[in-house]
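Please read the structure below before turning to the comments.
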Amino acid sequence: MAEMKSSVKAEPMSPAKAAEDDRRGLLEHSREFLDFFWDIAKPEQETRLQATEKLLEYLRTRPSDSEMKYALTRLVTGLGVGREAARPCYSLALAQLLQSFEDIPLCSVLSQIQEKYNLQAVNKGILRPTLFANLFGVLALFQSGRLVKDNEALLKSVKLLKTLSNYYNHLQGQPMKVLVDILSEVPESMFQDILPKVLSGDVKVILSCPKYLELFLLAQLRVPAKLESLIGSVDLFSEDNIPSLVDLLRVAGSSVRKEHTLPDVALNLLRLALKENKFTLFWKEILEEGLLKKPNWSTSFMCFRLLGAALPLLSEEQLQLVMRGDLIRHFGEHMVISKPQNLFKFIPEITAYVNTFLEGCQDDPKRQFAVIVAFTSITNQGLPVMPTFWRVTRLLSAEALQSYVAWLQDMFLQPDLESLVDFSTAIQKRLQEASVNVPERSVFRLRKWIIHRLVNLVEHLHLEKDDAVIEQIARFCLFHAFFKTKKATPQIPETKQHFSLPLDDRSQSVIVGAFFSLLQTLSMKFKRTPDLKEGGKPWAHRLVQLANMLLNNSRNVTMVTPFTTQQRQAWDQMMSTLKDLEAHSSETRAVAFKHLLLLVGLQLFKSPIESCDVLDDIQTCIKKSMEQNPRRSRSRAKASQEPVWVEVMVEILLSLLAQPNNLMRQVVRNVFGHICSHLTPRGLQLILAVLNPETNEDEDDSVVVTDTNEEQLKHGEDESSNSDNEDNKSQESDVDSDEDGAESEEDDRDKDVDPAFRQQLMEVLQAGNALGGMDSEEEEEELGDEAMMALDQNLASLFAEQKLRIQARREEKNKAQKEKKLRWDFQMRVLDLIEVLVTKQPEHPLVLELLEPLLSTIQHSMRSKSSSKQEQDLLQKTARIFLHHLCRARHYCHEVGSGAEALHAKVERLVQQASSQADASVALYYFNASLYLLRVLKGNTDKKQQSDQKLQGTDTKTEPKDPEAQAASCLDLNFVTRVYSAALESLLTKRNSPLTVPMFLSLFSRYPVICKNLLPIVVQHVAGPLRPRHQAQACLLLQKTLSARELRVCFEDPEWEQLIGQVLGKVAQTLQTLGEAQNKGEHQRELSALELVNTLLKTANHEKLSVDLTSLLALLQSKQQKLQQSLQQGNHSSGSNRLCDLYWQAMKMLGVQRPKSEKRNARETAPKDSQSPVSMKRKKKGFLPETKKRKKLKSEGTTSEENAVSGQDGVPVDATPAAAGKDQPPSAGKKRRRAKASTPSQVNGTPVTKSLAPNNPTLSPSTPAKTPKLQKKKERLSQMNGADPVSHVEPESKKQPQKALPTKEVLRKSPQSALPRKRARLSLLSRSPSFLQSGIKKRRVARKKVQTP
């Protein structure tokens, strides 16, 4: 055969035969190999790359000429497919293939591409795919990295690209772009040879297309001598060529508008201008006077990107030219008038360019300083356009940073508006009055930006590395915020700084806000890096020391707002208290108090009147708290009555929380964590009063919440720039806003028209005789000019009053909404204190007082119709604290003592409130609160019982434990049982009860003793004249509860057996109507009842309880026909199958197997609509055809033998139907079911009423003798189960008579209960294949290992 094949291959083949061989070769390829090419064209990048890698690996591991040939053909064909997204994928795969297999000649691949996609013979309809196939083919050769090394392929590729460049309508400038990329990598010698073929000698042709110009610039850079010999000396920047260069740059900018990149031709032109010392001409004539005369979006962004890319290439003089020209003003105007979405996209680009420049000149701080100052100097009417949070300063060197900070401070003190590149937009020039644009306004905007810029610099600096700069900024802000110079002194450098224009009140308030923002930033950074200079002292302490030094130096420095005598005494007392706290610096409480004292002391400069009293109270509380012995017992603390200082401190902390200051919020939280162990009931009530929704609605002025924006303190610099920019932009939209405002006012006016206003209007019109009847025309003629003027005046005054009323109502509404938001914000901060108390002092007795206030807050928030985010956040935080930190806490109060009665009353109140809720989700919170109190009461022991146990000594240990005392301890079990029994009655009787079954399941699982007392109520509601839904709930409760191990421990065996029997009797009454369900509730009751029956039967079988099952079996048998009819009729078909399965599961445990006819009918009556063709196919999957099936050669003797084997083992006399049914094989399994079709427990669903002796198996007379091998297996099985070997053939006379079913049956497992199933398996085993027998043997060996002791 091999010789024949070789001879056939050697013969010359015709084209048709060659195509036939190709098709045969395609069939020879594997499916795996062909799938690679499908995956290469998929849109997912990961899939494409993986497919390419797998293809290359496949070709490496299995080198084959046919597969390599097919791969090349398939990839070349893919270059011109109709899907445009797939062409680059095939091109990349072809490039990697050529790169991996260098023995493939590039010329042959290029010839194959040109032969497949011939440009001369191409049809017009497929011209575009053909052009792109050639382009991507050349691109694949270039990307393989081998094209620049192969001169022949390179020349052919250049020639092909030159031809493709003529089809500009389809390919645009892509062929020339690929050509430029190729020529930029070829050697200079090859470049000189190719250049005459691709570049024309005419300058006009070069200036006709950006790609030709880019090719010219590349040649000018690499081979200037060859270019000069080819074209001659060319002055590209001559006056004649400037218009063409402008047009080319404009076209290049439009070509990359989607890519958001800088065109290469623009950057190369810039480099050529720098090389020829014509940068000024290029920048002024081409960019600023050429491109910017008629700017558009793409041109402007190209100029901005060229500005960023030119920064590393320019000298200091050139930087000054660039950063103070028209382009930089155009850049600033764009920053002002652009929409935020466009601005946020462009700022990162400029930031990347500046970062690249700053990284590249780390050793030249002067250039860094020049560029950063240049960008800062771009201002719009005094306001710099760059944001205050611009983070490029992180890359400044230490010297440049120091110079920049000094420049900002000098500009703040003595603003030099002439040195700034200031501009105004066109709309600002047109709309803004000349009187508004005064120097004072520009100076204020500039100073506001600078102070926030200084503060923001600190966030990006390293505390250890730039500590001197940070201290310089902090001293500058503190000094100019609160002090001013009387006389200069060298000891205080800030006194030498003088203002050219004095600070006004607005500027002073801006500096004060910026200082506290700086304080917050420094405090947070100190928290992260505490190892600082000056012994690790926090920045707040260092600033207080500086302020104290300035206060003491009154000769040279004075305060802007001088302290009074009382305020100065408070300051001095604070400094002495700080010295006292230094002695306790090792204690965390002293550190927290010190931090609070420092912050409030600095607040004394901002609001001296309010802070003075607070400072005195804090110092008093600190002294009392430090004098008190914290280790004395809580009983002694109660006996001496807790000091008032805690309550005073709580009031102070609440007043400090009213300030929207994040730093103060954290300090208050920290301080409260140290004093919450001394909290008193009145102090707790002060906190809870804020959360009470009723008092908050009635008393809005109980807590004054300041309306200062927290973001202004934290990021005031952002607001300043944004607000000023908004002011600028608002001028541009004044006309539109006025029109919109007028329309909105008209709408509001129409909405707010009330009947009183209508009546007044009618009265005015009647008084002026403006309302006439039939003779209205005569009356109109009678009205004179004076009457009309008076009427107009009255109407104008009436509408003016109505407008004022509408505006007053609107302002009142806005004020109410604002107060609500402030109140919610304040409540969120107060919740921090409650969270601290619950987490740090969970065993505190006052924690128990938090339950009802938190529940009322949750209830009010869930009932509120408001959908504001703040209220939702308040609800989520309150619920999280209540559930996770309180109810699920590991520790709880152990000092209930005499408050047990109050806690019992609270439990009753919570359960009653849970029962009276309208929403189950709210009721769940109240129920969980009652469970938490039960846990507290259970964990606390009565002191009298403890003393009695101590007197009795060890004798009490030998006495049997009272389950009530063990489960309840301090808990009054009778009282609690009465409370929860009422709630349980409500659940099982009310139509719409908010209580749910999972609530009581949680109660029963945690407290089994209470569950034992409540079980009679549940059992009582299983049957009776109740709603089906309530009966189903009772069955579900019993099913989940009776299977719990915790409950079984609480019952003795007789009690448990009696309970099971009682429940079986009740559920039997419920099952009287089985199969007669008419609605969803009744159907659910049947399902729950059958589930409960199965649970009871499993429990009785597992624990071997003696239960009467005769009546239950008879009841279920009587309902079999009705259930089958209901299933056939399709009533409640969604759950009928489930009901039927539960029924037969119970019958199986009672000894009755599900008959075959029942199973077949169930399958036939199943709804056919639900069976899709897919499911029918899946059913047939795996069935053998008729020709492959094994013929069943079964004789009558074999059948009788199987029946005898399956019935060899008898059933014990006291065995119950459950035990017998358990030994039966499952309903599934066709072969096993046929082998055990007749067993002594049931025949077609009817139980056998006679049982056989346990050790006397019977066989039919026709049963043949067993083989010795089978007999040995059966003997081993009987010995393994604890029975003696029995004879396999006995005479008929030895059969024992069958006995009737006993009236009372015991659910017990007989030692031979597993034999019928195992012997039935043996009957199948003789016909089973060998691999099945081996598996059964393995399972049998494993079972023996388990049963052996």
Side-chain angles (χ1 to χ4, degrees), residues 405-406 408-410 412-413 447-448 450-459 461 463 466-499 502-503 505 507-526 532-534 537-563 567-568 570-572 574-575 578 595 597-608 611 615 661 663-664 667 712-714 716-717:
V405 171
L408 289 174
Q409 293 178 355
D410 293 340
F412 180 86
L413 296 170
R447 283 176 172 173
K448 185 178 180 181
I450 287 175
I451 194 66
H452 289 306
R453 180 59 172 160
L454 287 172
V455 172
N456 210 300
L457 280 176
V458 178
E459 294 188 5
L461 299 179
L463 287 181
D466 305 313
D467 185 75
V469 178
I470 294 174
E471 186 175 2
Q472 179 183 354
I473 295 174
R475 290 174 62 96
F476 182 83
C477 293
L478 174 64
F479 183 86
H480 295 291
F482 307 114
F483 299 93
K484 57 185 178 180
T485 304
K486 290 175 61 178
K487 182 180 179 181
T489 177
Q491 286 77 17
I492 305 175
E494 288 77 15
T495 58
K496 298 181 179 180
Q497 300 170 351
H498 302 285
F499 289 98
L503 290 176
D505 295 337
S507 302
Q508 199 74 41
S509 61
V510 168
I511 301 174
V512 171
F515 169 74
F516 283 100
S517 178
L518 174 66
L519 180 62
Q520 178 176 339
T521 302
L522 291 174
S523 300
M524 296 300 295
K525 293 176 76 69
F526 173 77
L532 300 175
K533 297 179 181 180
E534 299 187 8
K537 292 181 181 180
W539 276 98
H541 185 272
R542 297 168 64 175
L543 292 175
V544 166
Q545 294 291 343
L546 174 61
N548 188 49
M549 184 266 293
L550 294 175
L551 285 174
N552 294 330
N553 198 343
S554 58
R555 179 189 300 177
N556 302 315
V557 177
T558 183
M559 290 186 62
V560 177
T561 305
F563 281 161
Q567 295 166 0
R568 183 56 192 266
W571 175 269
D572 295 337
M574 181 200 71
M575 297 303 297
L578 288 175
H595 203 178
L597 201 60
L598 291 171
L599 291 182
V600 177
L602 290 174
Q603 290 280 345
L604 188 63
F605 291 97
K606 182 180 181 181
S607 53
S611 302
L615 199 58
N661 190 339
L663 176 59
M664 188 65 73
V667 173
Q712 185 178 359
L713 296 177
K714 186 176 180 181
E717 58 276 9

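In this chain, numbering begins with 1 at the start of the sequence shown.
Each side-chain hydrogen bond (donor to acceptor under 3.5 Å, both in side chains) pair with one or both residues in residues 474-485, not counting sequence neighbours, appears once here: R475-E494, H480-Q497.
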Per-pair distances, 0.1 Å, donor-acceptor, side chain in residues 509-516, under 3.5 Å, sequence neighbours excluded:
unit_1	atom_1	unit_2	atom_2	d
S509	OG	D505	O	3.4
S509	OG	R506	O	2.7

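Contact annotation: the side chain of W571 approaches that of V544 to within less than 4.5 Å [non-hydrogen atoms, C-beta and beyond]. You'll find the side chain of D572 reaches within 4.5 Å of the side chain of R568, heavy atoms only. Between Q603 and N661, the closest side-chain pair of non-hydrogen atoms falls below 4.5 Å. The side-chain heavy atoms of M575 and L578, taken from C-beta on, include a pair separated by under 4.5 Å. Counting heavy atoms from C-beta on, the side chains of L604 and F563 come closer than 4.5 Å. In this structure, the side chains of I451 and R447 stay at 4.5 Å or more apart for every pair of heavy atoms. Contact check for V557 versus F479: side-chain heavy atoms found under the 4.5 Å cut-off. At least one side-chain heavy atom of L413 sits less than 4.5 Å from a side-chain heavy atom of F476.
The backbone N or O of N548 sits less than 3.5 Å from a side-chain atom of N552, completing a donor-acceptor pair. In terms of modelled atom types and a separation under 3.5 Å, the side chain of K487 and the main chain of R555 share no donor-acceptor contact. Judged by distance alone, with hydrogens and angles left aside, the side-chain atoms of T495 form a donor-acceptor pair with the main-chain N or O of T489 at under 3.5 Å.
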(message) Using side chain to side chain contact (heavy atoms under 4.5 Å, CB included), reason through F483 and N556 one step at a time and then give a plain yes or no.
(response) CA-CA 10 Å; F483 299 93; N556 302 315; over 6 Å; no
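Of the candidates L457, V458, V405, V405 is the only one forming a side chain to side chain contact (heavy atoms under 4.5 Å, CB included) with V469.
Remark: E471 CD to L478 CG distance equals 11.5 Å, nearest 0.5 Å. Here the CD atom belonging to Q567 is positioned 9.0 Å from the OG atom belonging to S611, to the nearest 0.5 angstrom.
For G601 against L615, the heavy-atom pair with the smallest separation is N-CD1, 4.0 Å.
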